[in-house]
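Chain A is the first sequence line, chain B the second, and so forth, proteins listed ahead of strands; every chain is numbered from 1.
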Amino acid sequence: MNERDYKFKEIEKKWQTHWEENKTFKTPDFSDKQKYYVLDMFPYPSGAGLHVGHPEGYTATDIVCRYKRMRGCNVLHPMGWDAFGLPAEQYAVETGTHPSITTKKNTEEFKRQIKALGFSYDWDREISTTDKEYYKWTQWIFVQLYKKGLAYLDEVPVNWCPALGTVLANEEVIDGKSERGGHDVIRKPMKQWMFKITEYAEKLLAGLDELDWSEGIKEMQRNWIGKSTGANLFFQVAGFNERIEVYTTRPDTLFGATYMVISPEHKLVHKITTKDHKSEVDAYIEHAAKMSELERTSLNQEKTGAFTGSYAINPVNNEKIPIWIADYVLISYGTGAIMAVPAHDTRDFEFAQKFSLPIKCIIAPEEKEAEVKKISVEEILNGKACWDGNGKMIHSSNERGLNINGLEVNDSKARTIQWLEEMGIGKRATNYKLRDWLFSRQRYWGEPFPIVHMDDGIIKLLDENELPVLLPNVDNFKPSGGGESPLANAEDWLKYVDPTTGKKGRRETNTMPQWAGSCWYYLRYIDPLNADKAWDSKKEKYWMPVDLYIGGAEHAVLHLLYARFWHKVLFDLGLVSTSEPFKKLINQGMILGLSYKDARGVLVPSDKVESRDGNFYSKDTGEELVEFPAKMSKSLKNVVNPDDIIAQYGADSMRLYEMFMGPLEAVKPWNTAGVEGVYRFLKKSWRMITGSEISNISMNRKQLAVLHQTIKKVTEDIETFGFNTAISQMMIFINEFGKEDEIPKEAAECFVKLLSPFAPHAAEEMWELLGHKETLAYEKWPEYNEEYLKEDEVEVLIQILGKPKTKIMISPEASEIEMKKIALANSVIMEDLKGKPVRKVICVKGRLVNIVV
RNA sequence: GCCCGGGUGGCGGAAUGGCAGACGCAACGGACUUAAAAUCCGUUGUCCCUUAUACGGACGUGGGGGUUCGAGUCCCCCCCCGGGUACCA
């Protein structure tokens with residue numbers, strides 16, 4: 001073979017065409033092979049095109065897929081488009097271009113870019129959430145949830161964003177501003193569709209335990225669900241025939257409750273407010289209602305409130321304690337009322353200090369713990385400081401059989417709950433932070449609801465044969481203004497006549513949020529063309545659950561929680577066979593761009609930077625700059641477009657670099673110069689195959705060892721997603737074999753196979769050059785032989801007191817006694833040890849000897 | 001504040017409790033070349049000793065302490081950076 005250039009452009013085009021024409025990666029619905037379902041979080045096809053973060057996850061999944069195929073698995077690896085969403089709609093508002101046109105264009109561009117990377121997707125299974133054949137079934141799933149009683153209409157204070165003309169979900173509001181655009185958000189009551197995700201709180205929490213996800217992500221979901229346990233108990237209102245129920249996680253602190261706070265929205269506020277406090281309370285309620293989301297959540301959390309004039313009776317000691325209203329008690333959590341224990345709750349403590357309410361310490365702090373936290377025990381005991389840590393109860397007994405003095409916090413909790421239950425004034429209770437899911441949006445570009453509001457006031461759920469409810473064509477994409485979506489302007493579409501009864505109604509004008517389509521897309525991939533059903537249950541049984549799911553950490557909570565919720569409902573309905581959808585989840589880390597700043601920390605756009613001798617200077621001022629990683633952004637001009645990298649180095653180098661940068665889950669900076677390294681590696685690999693004599697000579701000991709080490713390392717690293725170190729090992733292989741003039745064919749073929757999941761185009765071409773006619777996509781993955789990894793002699797380090805002194809070559813099988821003998825007889829060691837008594841010798845077989853003197 | 005990650009050469013990163021810095025980038029020196037590109041070879045943690053790139057020594061994985069024959073790795077405390085969350089009783 002003659003040496004030829006590594007012409008990646010030709011090679012990549014050739015094989016992408018080959019795979020496409022031969023449908024190399026078409027996945028059969030069923031097979032005797034072990035199934036393996038690998039899912040990428042499908043992208044929203046934005047106008048900006050692909051950025052280097054997308055291919056990171058896609059490359060990782062593609063490597064696993066190609067590897068699994070070579071290990072004999074039937075692999076499902078699909079791709080699609082999460083194509084409903086706000087940007088296309090906003091573009092429509094600005095330009096009048098229909099979102100479907102924008103979406104089509106963007107999708108085609110995304111697809112071109114993704115295909116250019118040579119991923120082994122089964123494109124026959126491509127889906128888009130905006131296709132009516134797809135969203136028909138999204139609507140159908142809504143029908144199933146509705147029928148199960150999990151969907152309801154409610155008048156709720158929602159996050160209304162006047163600038164966007166729409167309601168936002170809690171998670172779309174960041175620091176009181178809209179996530180998109182940063183506009184002000186206020187609270188406004190509106191009729192909204194809600195999902196009772198709270199009914200599934202416990203199942204969603206418990207299900208996490210069986211999942212192979214990173215602990216961090218699971219913890220984030222647990223925190224979001226926010227389970228707590230404690231007690232619900234009643235406080236009698238003095239002078240009224242009313243009781244106020246409170247929820248507390250600290251029933252043990254009842255003796256320290258010196259006042260009560262109810263939320264300004266609490267239903268008893270008006271009833272129990274006395275005449276002389278009415279004006280003050282009314283003013284406070286108005287103040288609280290007017291507050292924007294920003295003010296409520298802002299860091300300036302100075303406590304405010306008003307006294308109602310009424311008192312409650314503390315059930316453990318019959319003390320009269322004042323009832324206040326304050327916005328730090330939320331109506332939406334627990335019972336909207338609390339017992340305040342200022343001595344042992346920091347919020348209550350702040351409030352009590354501000355309004356000079358009594359503070360009664362009932363826990364003697366654990367002294368060591370107080371010392372660590374630098375809080376004076378004396379101040380705590382005198383009510384001058386707050387203690388929310390551990391300790392022993394004091395001043396906590398009554399004449400009716402409750403005495404928890406001397407008990408630790410946990411024991412006293414249990415004892416108090418028991419007492420409350422015996423006395424019939426309270427009981428054990430569990431609460432969740434998780435709220436019901438606000439599921440409607442006042443937008444055009446989303447799935448319409450399969451719902452009609454009949455003129456007689458009845459809410460009609462459409463029959464399956466009336467689906468899909470198609471999105472009507474409109475010209476005006478602006479929200480109607482009153483809070484309704486642009487669909488309210490589609491007059492013909494709005495009118496509905498019941499096909500059987502002839503009764504009239506108006507269609508629901510809300511549309512579903514973007515989360516809807518992504519809640520079940522992994523199920524549709526299994527049976528994407530099914531016109532009669534959302535999916536075939538036999539196929540579902542074969543493919544589910546998803547074995548590996550890779551995507552960005554920004555979806556750690558919401559998408560993954562919503563999808564799990566739908567899946568669990570579908571499971572309870574018998575529509576899917578697994579209780580969880582995603583068995584293993586990995587979040588790839590964000591890829592940052594390289595940025596530059598001057599001595600004052602001012603950021604300099606990358607196109608204003610020049611590099612000399614490894615240092616960086618401003619083109620404008622000549623000042624020396626410091627390189628550092630920062631989030632890619634248009635303004636810093638540090639966005640890397642995969643197209644440019646592919647043009648310069650090829651898709652295979654792009655894929656290799658994405659993986660070589662560092663661990664998949666780590667945040668890491670992109671450095672285009674680094675692509676050079678993997679590109680050189682590919683060129684060396686290419687030269688080894690094309691520029692050397694490939695023959696049937698046998699390998700020497702060293703070559704066998706390197707080859708089998710490489711097989712072992714690459715195999716194990718793919719299994720554990722350590723792609724960066726797998727590539728390092730292949731580089732070591734090339735550094736060893738690349739310098740030979742004659743390459744053993746076995747080694748060359750093994751190497752090409754190992755390389756193929758990472759750099760599939762180059763590998764296919766090399767495979768062909770080695771004389772094979774068929775694609776190597778389904779070739780058998782090489783196996784290593786433990787025999788060849790064994791070495792005759794290993795280097796063993798001899799240390800004295802942990803300091804390396806010398807090295808000896810001995811058999812790895814040498815016993816500890818032999819090692820000790822050889823080590824002590826070594827001349828360097830004898831020299832060093834002169835006279836000193838040897839106290840102990842530690843021998844680690846095949847590794848080291850440590851002599852303690 | 002709380003909960004998760006993380007801190008290792010000039011840079012990205014590697015290291016079952018056992019020689020820290022694999023592999024790569026950058027830099028420097030050299031070979032090839034009319035020259036450049038490409039390619040190949042070599043050097044590259046800091047400091048000390050030194051005629052020296054020898055020999056040898058000390059220090060070194062954010063800081064301090066501990067366990068151990070031995071710690072980047074295990075334990076305790078602290079600092080810094082990134083992400084999530086926020087009055088959830």
statement: Readout for nucleotides 2-21 of chain B: B = base within 4.0 Å of protein heavy atom, S = sugar-phosphate only, - = neither; 5' to 3' it is -SS-------BSS-B-BB--

Going by atom types alone, do [X] and [Y] pair a side-chain donor with an acceptor below 3.5 Å?
X	Y	answer
Tyr333(A)	Ser228(A)	yes
Arg435(A)	Ser332(A)	yes
Thr335(A)	Glu245(A)	no
Asp436(A)	Thr198(A)	yes

message: Can you tell me how the ring of Phe681(A) sits relative to the ring of Phe751(A), calling it parallel under 30°, perpendicular over 60° and tilted otherwise?
response: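 The rings of Phe681(A) and Phe751(A) stand perpendicular, inter-plane angle above 60°.
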
Rounded interatomic separation in angstrom, taking [atom1] from [X] and [atom2] from [N]:
X	N	atom1	atom2	answer
Arg680(A)	C23(B)	CZ	C1'	14 Å
Lys227(A)	A89(B)	NZ	C1'	17 Å
Phe351(A)	A89(B)	CZ	C1'	14 Å
Lys218(A)	U85(B)	NZ	C1'	20 Å

Can you give the donor-acceptor pairs under 3.5 Å from side chains of residues 654-669 of chain A to other protein atoms, not counting sequence neighbours?
from      : atom 1 : to        : atom 2 : distance (Å)
Arg655(A) : NE     : Phe758(A) : O      : 2.9
Arg655(A) : NH1    : Asp62(A)  : OD2    : 3.0
Arg655(A) : NH1    : Leu117(A) : O      : 3.1
Arg655(A) : NH1    : Gly118(A) : O      : 3.2
Arg655(A) : NH2    : Asp62(A)  : OD2    : 2.9
Arg655(A) : NH2    : Pro757(A) : O      : 2.8
Tyr657(A) : OH     : Asn671(A) : N      : 3.2
Tyr657(A) : OH     : Asn671(A) : O      : 3.2
Glu658(A) : OE1    : Glu56(A)  : N      : 3.4
Lys668(A) : NZ     : Glu56(A)  : OE2    : 2.6
Lys668(A) : NZ     : Pro663(A) : O      : 2.9
Lys668(A) : NZ     : Leu664(A) : O      : 3.2
Lys668(A) : NZ     : Ala666(A) : O      : 2.7

message: Both Asp345(A) and Val678(A) contact RNA chain B. Which one's nearest nucleotide lies toward the 5' end?
response: Val678(A)

- request: Let me know, please, whether Gly334(A) or Ile727(A) comes out on the 5' side of the other along RNA chain B by nearest nucleotide.
  value: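 Whichever sits nearer the 5' end wins; that is Ile727(A).
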
Of the listed nucleotides [options], the one nearest the side chain of [X]:
X	options	result
Leu330(A)	C69(B), A89(B), C25(B)	A89(B)
Asp327(A)	C87(B), C23(B), U39(B)	C87(B)
Trp224(A)	U85(B), C23(B), A89(B)	U85(B)

- prompt: Ion pair present between Asp252(A) and Arg250(A), side-chain N to carboxylate O less than 4.0 angstrom?
  reply: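 Arg250(A) and Asp252(A): salt-bridged.
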
message: Any carboxylate oxygen within less than 4.0 angstrom of a Lys/Arg side-chain nitrogen, looking at Arg222(A) and Asp209(A)?
response: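 Salt bridge between Arg222(A) and Asp209(A), a charged N being under 4.0 Å from a carboxylate O: yes.
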
message: Quick check with a 6.0 Å cut-off and a 45 degree axis cone: is Lys303(A) positioned over the face of Tyr328(A)'s six-membered ring?
response: yes

message: Are there runs of at least three consecutive Watson-Crick or G-U pairs touching RNA chain B, with each pair's two distances under 3.5 angstrom? Give them by first number.
response: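 Only these stems qualify: B:1-7 with B:79-85, B:10-12 with B:23-25, B:27-31 with B:39-43, B:45-48 with B:56-59, B:62-66 with B:74-78.
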
